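From a predicted model like this one, the values you see are computed outputs, not experimental measurements. Just so it is clear, the values below take in all heavy atoms, side chains as well, and ignore hydrogens, waters and symmetry mates. Just so it is clear: chains get the letters A, B, ... in the order the sequence lines come, proteins before strands, and each one is counted from 1.
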Amino acid sequence: MARWLVKSEPAKYSWDDLVRDGRTEWDGVRNPMAQGHLKAMRNGDLVFYYHSNEGKDIVGIAEVVKESYPDDTDPKGRSLMVDLKAVKPFPTPVTLSAIKSDGRFATIPLVTNSRLSVQPVPDEAWDAICKLGGL
DNA sequence: GCCAACGTTGGC
DNA sequence: GCCAACGTTGGC
């Protein structure tokens, strides 16, 4: 099972919004690299939920509940989306600054490619971040 | 609010 | 197919 991270600006769609809705369509992703990651997602894969701009922290874990299918919000009709559901929040959200200051995470895309909105998370980094967050 | 990094667009 | 101009993301 693969592990991932998605970003969302909480002012647009926050973790609390996802909890309220239970599940949601993860649409609007246009970057080709991020699209490739969406396509590779499988049902049951777990996903860190990161708040960009405000918060700048990983606040919860979501799960892929529908594999990639056409994103009808794309006027060009090229994009895919998946469905995500909320699984559980972090007792202690893990901040970007904590991740950046920890050498174990120096090579993950969150640190090296700050603009990538859907990205894979290596297993070791996943486990370490879960511990930092109290899970 | 600024701006660096990065993608995309479109003229040639 | 190149690349300059432009737009966007997202950390600071």
K.L.:
One character per nucleotide, please: for nucleotides 6-12 of chain C, 5' to 3', B when the base has a protein heavy atom closer than 4.0 Å, S when only the sugar-phosphate does, - otherwise.
P.N.:
-BBBBBB
K.L.:
Return the minimal non-hydrogen interatomic distance between A:V47 and A:W126, and the atom names on each side.
P.N.:
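In terms of heavy atoms, the two residues are closest at N-CH2, 3.7 Å.
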K.L.:
Over 60° means perpendicular and under 30° means parallel, so classify the ring planes of A:Y49 and A:W26, tilted if in between.
P.N.:
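Aromatic pair A:W26/A:Y49 classed perpendicular.
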K.L.:
Donor-acceptor pairs are to be reported for all side-chain atoms of residues 85-95 of chain A against protein atoms at under 3.5 Å, with residues two or more places apart or in another chain.
P.N.:
residue: A:T95; atom: OG1; partner: A:S97; partner atom: OG; Å: 3.2
residue: A:T95; atom: OG1; partner: A:A98; partner atom: N; Å: 3.1

K.L.:
Would you tabulate the side-chain donor-acceptor contacts of residues 114-123 of chain A under 3.5 Å, counting partners in other chains and residues two or more places apart, or write 'none'?
P.N.:
residue: A:Q119; atom: OE1; partner: A:L110; partner atom: N; Å: 2.6
residue: A:Q119; atom: NE2; partner: A:L116; partner atom: O; Å: 3.0

K.L.:
If we fit an axis to the first five pairs and another to the last five of the helix from B:dG1-C:dC12 to B:dC12-C:dG1, what angle do they make, to the nearest 10°?
P.N.:
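Result, rounded to 10 degrees: 10°.
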K.L.:
Got a list of side-chain donor-acceptor pairs under 3.5 Å for residues 54-73 of chain A, not counting sequence neighbours?
P.N.:
residue: A:K56; atom: NZ; partner: A:N53; partner atom: O; Å: 3.3
residue: A:E67; atom: OE2; partner: A:N43; partner atom: N; Å: 2.9
residue: A:Y69; atom: OH; partner: A:D83; partner atom: OD1; Å: 2.5
residue: A:D71; atom: OD1; partner: A:T73; partner atom: N; Å: 2.8
residue: A:D71; atom: OD1; partner: A:T73; partner atom: OG1; Å: 2.5
residue: A:D71; atom: OD2; partner: A:G28; partner atom: N; Å: 2.8
residue: A:D71; atom: OD2; partner: A:R30; partner atom: NH1; Å: 3.0
residue: A:D71; atom: OD2; partner: A:T73; partner atom: OG1; Å: 3.3
residue: A:T73; atom: OG1; partner: A:R30; partner atom: NH2; Å: 2.9

K.L.:
So, using salt bridge (Lys or Arg N to Asp or Glu O under 4.0 Å) as the criterion, who are the partners of A:D17 when residues are at least two apart?
P.N.:
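Partners of A:D17 under the salt bridge (Lys or Arg N to Asp or Glu O under 4.0 Å) test: A:R20.
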K.L.:
So does A:R42 have more than 12 non-hydrogen atoms from other groups sitting under 6.0 Å from CZ?
P.N.:
yes
